[in-house]
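Lettering of chains follows the sequences in order, A, B, ..., and the numbering in each one begins at 1. Heavy atoms only: backbone and side chains are in, while hydrogens, waters and symmetry mates are out. The model shown is predicted, which means the values in this text are computed figures rather than measured ones.
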2 protein chains.
Amino acid sequence: MALDGGELGRSAYVGARVSPQRAAIARAADAMTSAFSVDDLLEAVRRQVPGVGAATVYRAVSAMEASGFVESLGVREGSAIYARCHSGEHHHHLVCTGCGAVSDAECPVAPERYTASDGFRVTGHSLVLYGQCAKCQSAPSSISPHGRGGGI
Amino acid sequence: MALDGGELGRSAYVGARVSPQRAAIARAADAMTSAFSVDDLLEAVRRQVPGVGAATVYRAVSAMEASGFVESLGVREGSAIYARCHSGEHHHHLVCTGCGAVSDAECPVAPERYTASDGFRVTGHSLVLYGQCAKCQSAPSSISPHGRGGGI
DNA sequence: TACAAAGTGAGAGTGATTCTCACTTGATGC
DNA sequence: GCATCAAGTGAGAATCACTCTCACTTTGTA
Ligand SMILES: [Mn+2]
Ligand SMILES: [Mn+2]
Ligand SMILES: [Zn+2]
Ligand SMILES: [Zn+2]
């Protein structure tokens, strides 16, 4: 929320062109408060700019991922899911299994800790933390009442 | 390698029936030294028991995953990949990006470390470590010479 | 303003995974 | 051993997320 329309597009698609469609897609991704699939994003974008093609959103998501604007969180029910990533620093994500809410988390991985084991050299890793957000903990029922309700 | 044929099948399919096909599939999975796709496994199984159906292997892999006999490591080139998991304790995996070799790794995640942040309660997590195994580090070329060569 | 590279959208294509269905078979109790 | 039946099997169809192709637009730059 520190970036206006132009800046946002620029940071979402580093080194690539920013069409009106891509700008809208970046805005929609930026507005997502929880984990989303490409289809979720397509739906949100079309609410603002009808007629945007699905392929365009797939391509834009790849570009945004390459720019670090969004990050892949793996697969949920057959579809890849993503989260808008606000920090440039290396970090990970907490994902609420109730409502899909995402928040940042520090990285607990010390690569050098593993190097010893059997000569393996760790160069990267993938970590996602799952649990319940504050709201979903206080909601007693199985279906979370807040947000759009899309669990993980 | 501490289990004979029968024991192996039993531990691979806890609470489910063990057909000859499933036994062969568990043996093939047990023989995998690196990360494998369902198709890799199907190919290996058919070398021992021709005629095994693809659906059967998909079903067996799901059952083995439910029993903790194999673990999903995510997706590589559009296919889910798995590793045979020998330890019953909670742990993670080091995967060689050169040859696919997998080894066990301690868990560095302390859930309580995150609980504070914003009321989020961490109940689970998914971590995979990537890097180069000792053999692949010493191999200068881009194509690793050892193993079946299937990188990640 | 002119241009070349990059992006767009529709629709076809791909391929991993799942489903269906008629059979077969494993585990259990008698 | 034998009946029983839920569970597993295999072939093929179906699904469906994602990618590709292609004929246009457009963007960013000189
Ligand atoms: Mn983030
Ligand atoms: Mn393991
Ligand atoms: Zn929640
Ligand atoms: Zn290796």
Side-chain angles (χ1 to χ4, degrees), chain A residues 5-29 35-43 45-46 48-67 69-70 72-82 150, chain B residues 5-29 35-43 45-46 48-67 69-70 72-82 150:
Chain A
E7 287 295 315
L8 201 160
R10 226 67 56 65
S11 75
Y13 308 100
V14 179
R17 294 182 187 174
V18 182
S19 62
Q21 291 94 330
R22 287 196 167 191
I25 293 167
R27 258 180 275 119
F36 58 90
S37 66
V38 171
D39 206 60
D40 292 335
L41 190 55
L42 175 61
E43 205 177 305
V45 171
R46 281 188 171 158
Q48 307 299 322
V49 185
V52 173
T56 296
V57 179
Y58 275 101
R59 288 182 287 232
V61 167
S62 293
M64 291 191 293
E65 189 180 8
S67 300
F69 190 79
V70 301
S72 168
L73 296 182
V75 171
R76 165 183 69 183
E77 287 166 25
S79 305
I81 59 172
Y82 300 85
Chain B
E7 286 295 314
L8 202 158
R10 227 66 56 65
S11 75
Y13 308 100
V14 178
R17 294 184 186 169
V18 183
S19 63
Q21 291 93 329
R22 289 196 164 190
I25 293 166
R27 260 179 274 120
F36 58 89
S37 66
V38 171
D39 206 62
D40 292 336
L41 190 56
L42 174 61
E43 205 176 306
V45 171
R46 282 188 171 157
Q48 307 298 323
V49 184
V52 173
T56 296
V57 178
Y58 275 100
R59 289 183 285 233
V61 168
S62 294
M64 292 191 292
E65 190 180 6
S67 300
F69 190 79
V70 302
S72 168
L73 296 182
V75 171
R76 164 183 70 183
E77 289 166 25
S79 303
I81 59 171
Y82 300 85

Closest-nucleotide 5' rank along DNA chain D - winner of Val57(B) and Val38(A): Val57(B)
Upstream residue (5' side of DNA chain C) when Ala55(B) and Pro50(A) are each assigned their closest nucleotide: Pro50(A)
5' priority, DNA chain C, between Gly53(A) and Ala80(B) [closest heavy atom]: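 Here Gly53(A) is the residue nearer the 5' end.
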Check: dG26(C) base within 3.5 Å donor-acceptor of Arg22(B) side chain: no
Starting from [atom2] on [N], measure out to [atom1] on [X] and report it in whole angstrom.
{"X": "Glu77(A)", "N": "dT18(C)", "atom1": "CD", "atom2": "C1'", "answer": "14 Å"}
{"X": "Tyr13(B)", "N": "dA27(C)", "atom1": "OH", "atom2": "P", "answer": "13 Å"}
{"X": "Met64(A)", "N": "dG7(C)", "atom1": "CE", "atom2": "P", "answer": "13 Å"}
{"X": "Asp39(B)", "N": "dT18(C)", "atom1": "CG", "atom2": "C1'", "answer": "16 Å"}
{"X": "Arg59(A)", "N": "dT27(D)", "atom1": "CZ", "atom2": "C1'", "answer": "15 Å"}

Among [options], which nucleotide sits nearest the side chain of [X]?
{"X": "Ser79(A)", "options": "dA17(D), dA16(C), dG8(D)", "result": "dA17(D)"}
{"X": "Ser19(B)", "options": "dG8(D), dC18(D), dA10(C)", "result": "dG8(D)"}
{"X": "Thr56(A)", "options": "dG28(D), dG9(C), dT9(D)", "result": "dG9(C)"}
{"X": "Arg17(A)", "options": "dT8(C), dG28(D), dT20(C)", "result": "dG28(D)"}

Sugar-phosphate only, base, or nothing, as touched by Ala16(B) at under 4.0 Å among non-hydrogen atoms: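 Since only primed, P, OP1 and OP2 atoms lie under 4.0 Å of Ala16(B), the category is sugar-phosphate.
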Touch class at under 4.0 angstrom, heavy-atom based, for Ala60(A) against every strand present: nothing
Residue pair Ser67(A) / Met64(A), side-chain heavy-atom distance below 4.5 Å: no
Side chain proximity check, Phe36(B) to Val70(B), heavy atoms < 4.5 angstrom: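 Yes. Closest side-chain heavy atoms under 4.5 Å.
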Residues Arg76(B), Asp40(B): salt bridge by 4.0 Å N-O rule: yes
Any Tyr58(A) side-chain N or O less than 4.0 Å from OP1/OP2 of dC18(D):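 Affirmative; the distance criterion is met.
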Under 4.0 angstrom between Gln21(B) side-chain N/O and dT25(C) OP1 or OP2: no
Ile25(A) CD1 to Arg59(A) CZ distance, which is reported to the nearest 0.5 Å: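 One finds 9.5 Å between CD1 of Ile25(A) and CZ of Arg59(A).
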Under 3.5 Å: donor-acceptor pair, side chain of Arg22(B), backbone of Gly9(B): no
